[in-house]
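Notes follow the structure.
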Amino acid sequence: MAASTLERPIAARPSTWFVWAGMTAFGVFLLGILGAVVVDSFGRQWFDTWLPEGLTTERYTEAWDRFALGEVVGVTVGVAALVVVISVAVGVPAAYVLARRDFPGKRAIMLLFLLPVLMPPITYGIPLATVMYSFGLGRTLTAVVLVNLVPSVPFVILTMTPFIEQINPAIESAARMCGARTRQVFTRILAPLLVPGILAAAILVLVRTVGLFELTFLVSGPGSDTLVVAIYRGMTSAAVARRDSSSRPCR
């Protein structure tokens with residue numbers, strides 16, 4: 001009787017097959033689109049054939065030299081690394097305070113941290129950029145890092161607070177009874193337990209920082225553009241050049 005209750009049917013339910021079929025189709029379509037873009041970037045001409053007539057890397061070399069992509073990639077990596085480190089260094093202790101302490105106005109502070117995550121960046125990006133330019137920080141790496149910290153720090157706080165709340169406070173109390181100080185409790189007891197949450201928050205902040213366009217575009221300039229902003233400027237400059245060339249009168 002016990003063995004019969006543990007037996008599971010070999011054939012899956014129709015709903016399971018439907019879900020897996022949909023996921024497989026989505027994966028095939030996504031890989032097909034990405035593959036077509038990659039192949040087209042290397043192809044010379046590609047109209048009515050399965051593969052391009054020839055392959056070349058001239059476009060990548062020209063784009064790397066024309067748009068100074070080496071400097072742009074370096075700026076993007078540097079900004080993303082600084083934002084991740086500062087966000088984790090500030091957000092994890094703040095999340096610990098919010099998870100372990102009860103004080104007046106705690107819900108209002110949590111709501112304040114939630115606003116930059118929920119609101120579109122452009123709604124507070126323009127006033128924030130105005131403040132940056134008024135202090136002379138416009139078009140600098142400092143401004144790019146600071147504006148990216150505005151949504152990143154609350155994001156780390158909101159991500160890490162549940163991780164800290166699920167840790168039993170008795171562990172910290174036992175460590176303090178054994179003579180550990182607050183810093184030792186945080187670095188030797190809590191930090192190893194919070195590594196999965198810290199890694200998850202850091203990866204999400206990294207992806208968000210690299211792809212954040214609105215805030216970075218409002219305060220960046222030559223020498224401080226990240227990759228997504230540089231791509232946008234390259235597209236707009238190409239469109240303007242094409243429009244100017246087409247509007248010239250024929251002689």
Side-chain angles (χ1 to χ4, degrees), residues 63-64 66-99 106 108-164 186 191 194-237:
W64 188 274
R66 180 180 178 184
F67 299 105
L69 290 182
E71 179 183 0
V72 172
V73 172
V75 170
T76 304
V77 173
V79 169
L82 284 175
V83 171
V84 169
V85 171
I86 297 174
S87 299
V88 172
V90 175
V92 174
Y96 176 81
V97 173
L98 292 173
K106 179 179 177 179
I109 293 177
M110 291 294 294
L111 178 61
L112 184 64
F113 286 143
L114 191 63
L115 290 179
V117 179
L118 295 179
M119 294 175 59
I122 196 65
T123 56
Y124 59 88
I126 295 176
L128 186 60
T130 304
V131 174
M132 292 294 174
Y133 281 99
S134 64
F135 282 95
L137 296 176
R139 299 181 180 274
T140 61
L141 288 175
T142 303
V144 174
V145 173
L146 291 177
V147 298
N148 279 274
L149 287 175
V150 172
S152 297
V153 172
F155 190 81
V156 173
I157 293 174
L158 296 175
T159 304
M160 292 304 302
T161 301
F163 278 91
I164 298 174
F186 195 81
L194 295 177
V195 167
I198 293 175
L199 289 178
I203 292 173
L204 293 174
V205 169
L206 176 64
V207 174
R208 184 183 180 91
T209 303
V210 172
L212 188 61
F213 171 76
E214 296 92 339
L215 298 180
T216 306
F217 175 75
L218 292 173
V219 298
S220 65
S224 60
D225 283 341
T226 58
L227 184 60
V228 63
V229 177
I231 293 174
Y232 173 78
R233 296 190 192 278
M235 293 174 59
T236 54
S237 62

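- Two residues are said to be in side-chain contact when any heavy atoms from C-beta on lie closer than 4.5 Å; Val75 and Val79 meet this criterion.
- In this model, a donor atom of one side chain and an acceptor atom of the other lie less than 3.5 Å apart for Asp225 and Ser220.
- Each of Ile198, Leu199, Val153 was checked for a side chain to side chain contact (heavy atoms under 4.5 Å, CB included) with Val88, and the lone residue meeting it is Ile198.
- In this structure the side chain of Leu227 never reaches within 4.5 angstrom of the side chain of Val210, judged on heavy atoms.
- Between Arg139 and Gly221, the closest heavy-atom pair is NH1-CA, 3.6 Å.
- Shortest non-hydrogen contact noted between Ile157 and Ala94 is CD1-CB, 3.7 Å.
- When the side chain to side chain contact (heavy atoms under 4.5 Å, CB included) test is applied to Val97, the partners found at least two apart in sequence or on another chain are Arg101, Phe103.
- A pairwise comparison of heavy atoms in Val144 and Ser224 identifies CG2-O, 3.6 Å as the closest pair.
- Remark: Tyr133 OH is packed, more than 12 non-hydrogen atoms of other residues, nucleotides or ligands lying under 6.0 Å away.
- Scored by the ring pair (Phe, Tyr, Trp, His ring centres under 6.0 Å) test, Tyr232 finds Phe213, Phe217 as partners (sequence neighbours excluded).
- Between Val150 and Leu128 the shortest side-chain heavy-atom distance falls below 4.5 Å.
- Residues Pro162 and Thr159 come closest through the heavy atom pair CD-O, 3.4 Å.
- The side chain to side chain donor-acceptor pair (under 3.5 Å) analysis of residues 67-96, with sequence neighbours excluded, yields the pairs Tyr96-Glu172.
- Here the side chains of Leu149 and Val83 are in contact, with some heavy-atom distance below 4.5 Å.
- Distance CZ/Phe113 to OG1/Thr161: 9.0 Å, rounded to 0.5 Å.
- Closest of all the heavy-atom pairs between Val72 and Ala230 is CG1-CB, 3.7 Å.
- The nearest pair of heavy atoms linking Leu98 to Lys106 is O-NZ, 2.6 Å.
- By the 4.5 Å heavy-atom criterion applied to side chains, Val228 and Leu212 are not counted as neighbours.
- The CE atom of Met160 sits 12.0 Å away from atom CZ of Phe155, with the distance rounded to the nearest 0.5 Å.
- Here Leu215 contributes atom CG and Met132 contributes atom CE; the two are 9.5 Å apart, rounded to the nearest 0.5 Å.
- Looking at Leu218 and Val147, their side chains never come closer than 4.5 Å, going by heavy atoms from C-beta outward.
- Within the 4.5 Å cutoff, no side-chain heavy atoms of Pro154 are placed close to those of Leu114.
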